[in-house]
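Heads up: numbering here begins at 1 and tracks the sequence.
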Amino acid sequence: MSAHRARFGGDGARADFVPLRGWDRGAAKTLLECVAPFVPEGRLRIEDIEEYALDALEFAERHLRKHGGADPHGLTHDEIAAINLYTKENVANTEQSFFRVMNEAFNGDRSKAVPFFAYLQLFVGGARRLPNACPAKLWRAFPNLDPRWKELYPKGRELFWWAFSSTTTSSELLTN
């Protein structure tokens with residue numbers, strides 16, 4: 001593997017996590033091309049995904065106009081839209097929110113993540129240019145869903161997981 005190739009993995013990864021490989025290969029695509037596998041005729045249907053993608057593209061256009069046609073951090077129109085799409089919740093059917101479906105695909109069988117690879121190129125490419133994209137330490141609350149969560153995620157241990165999620169650099173903010 002070349003030194004410049006991005007990896008999602010690390011020394012803190014759980015033993016049952018399989019590295020996600022190949023997401024950063026292939027030709028760049030537009031956001032609409034990236035969501036094509038999820039439209040009604042696609043392999044994995046996500047309700048109203050085209051409408052949410054079009055809303056995200058309109059958001060990106062407004063953002064670029066506000067900044068004189070160029071993003072201050074160098075993000076492209078489609079990268080801005082990809083990041084915005086991730087934040088949109090399908091209020092009529094929250095389980096069909098793009099971020100929920102994508103994060104679920106990262107859990108377990110890695111083949112379910114393949115349709116998201118082109119989207120990941122846009123999302124990660126844009127996110128990496130944001131000023132606070134990769135702070136040294138992040139804090140994340142774990143829901144008390146698994147009775148073994150304290151054993152699986154011991155305090156003080158560095159962890160790695162696949163799903164994108166909200167984080168903070170402040171443990172005080174997390175507890176409030």
Side-chain angles (χ1 to χ4, degrees), residues 6 8 17 20 22-135 138-143 145 159-170 173-174 176:
F8 283 162
F17 281 7
L20 189 61
W23 65 272
D24 57 343
R25 297 180 193 134
K29 295 184 177 183
T30 67
L31 181 62
L32 291 177
E33 290 171 328
C34 292
V35 300
F38 313 113
V39 297
E41 302 80 31
R43 293 187 297 175
L44 173 67
R45 185 180 187 285
I46 299 177
E47 189 175 290
D48 300 325
I49 189 62
E50 283 180 304
E51 289 82 3
Y52 284 103
L54 289 171
D55 290 346
L57 288 163
E58 286 178 19
F59 170 86
E61 288 173 24
R62 288 190 310 272
H63 173 79
L64 290 172
R65 275 196 308 271
K66 178 181 174 183
H67 293 282
D71 177 74
H73 307 293
L75 277 73
T76 68
H77 178 257
D78 283 293
E79 289 171 338
I80 295 165
I83 293 169
N84 182 261
L85 175 62
Y86 184 80
T87 69
K88 295 186 178 302
E89 184 163 20
N90 183 333
V91 293
N93 185 355
T94 58
E95 294 304 312
Q96 281 290 292
S97 298
F98 183 76
F99 68 89
R100 288 188 193 273
V101 177
M102 184 177 84
N103 284 338
E104 183 61 34
F106 290 153
N107 292 324
D109 179 2
R110 291 287 181 257
S111 68
K112 292 180 181 177
V114 172
F116 294 93
F117 279 14
Y119 171 79
L120 284 177
Q121 284 184 316
L122 280 178
F123 181 89
V124 173
R128 284 188 171 148
R129 282 196 278 284
L130 296 175
N132 295 328
C134 298
L138 297 174
W139 297 87
R140 172 78 168 115
F142 288 92
L145 301 176
L159 299 171
F160 181 89
W161 67 93
W162 289 107
F164 290 87
S165 59
S166 302
T167 59
T168 179
T169 55
S170 165
L173 181 64
L174 181 65
N176 290 324

Non-hydrogen side-chain atoms of [X] and [Y] separated by less than 4.5 Å:
X: Val114; Y: Trp23; result: no
X: Asn84; Y: Leu57; result: no
X: Phe117; Y: Asp24; result: no

Taking it one step at a time, do Leu85 and Val35 satisfy side chain to side chain contact (heavy atoms under 4.5 Å, CB included)?
CA-CA 10 Å; Leu85 175 62; Val35 300; 3.9 Å; yes

Spacing of CD1 belonging to Ile80 relative to CG belonging to Leu31, to within rounding of 0.5 Å:
11.5 Å

Exercise: identify the closest heavy-atom pair between Ala81 and Ala56
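Shortest heavy-atom separation between Ala81 and Ala56 comes out as O-CB, 3.3 Å.
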
Closest non-hydrogen atom pair, Lys29 against Cys34
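Here Lys29 and Cys34 meet closest at CB-SG, 3.9 Å.
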
Not counting sequence neighbours, which residues clear side chain to side chain contact (heavy atoms under 4.5 Å, CB included) with Asp48? List them please.
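Asp48: side chain to side chain contact (heavy atoms under 4.5 Å, CB included) contacts with Glu51, Tyr52, Asn90.
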
Any donor and acceptor pair, going by atom type alone, linking the side chain of [X] with main-chain N or O of [Y] inside 3.5 Å?
X: Ser97; Y: Thr94; answer: yes
X: Asp78; Y: Thr30; answer: no
X: Glu47; Y: Gln96; answer: no

Evaluation steps, side chain to side chain contact (heavy atoms under 4.5 Å, CB included), between Phe123 and Phe116
CA-CA 10 Å; Phe123 181 89; Phe116 294 93; over 6 Å; no

NZ (Lys88) with more than 12 external heavy atoms under 6.0 Å:
yes

Let's go through Ile83 and Leu75 carefully: what are the C-alpha distance in whole Å and the side-chain angles of both, what is the deciding distance for side chain to side chain contact (heavy atoms under 4.5 Å, CB included) to 0.1 Å, and is it a yes or a no?
CA-CA 10 Å; Ile83 293 169; Leu75 277 73; 3.7 Å; yes

Which residue pairs pass the side chain to side chain donor-acceptor pair (under 3.5 Å) test with at least one member in residues 60-73, sequence neighbours excluded?
His63-Asp71

Mind checking what makes salt bridge (charged side-chain N to carboxylate O under 4.0 Å, His left out) contact with Arg100, not counting sequence neighbours?
Glu89

So that I can tick it off, tell me whether Glu79 and Arg129 are bridged by a salt bridge, with the cut-off set at under 4.0 angstrom between side-chain N and carboxylate O.
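Answer for the salt bridge query: yes.
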
Parallel, tilted or perpendicular: rings of Phe98 and Phe38 (30°, 60°):
perpendicular

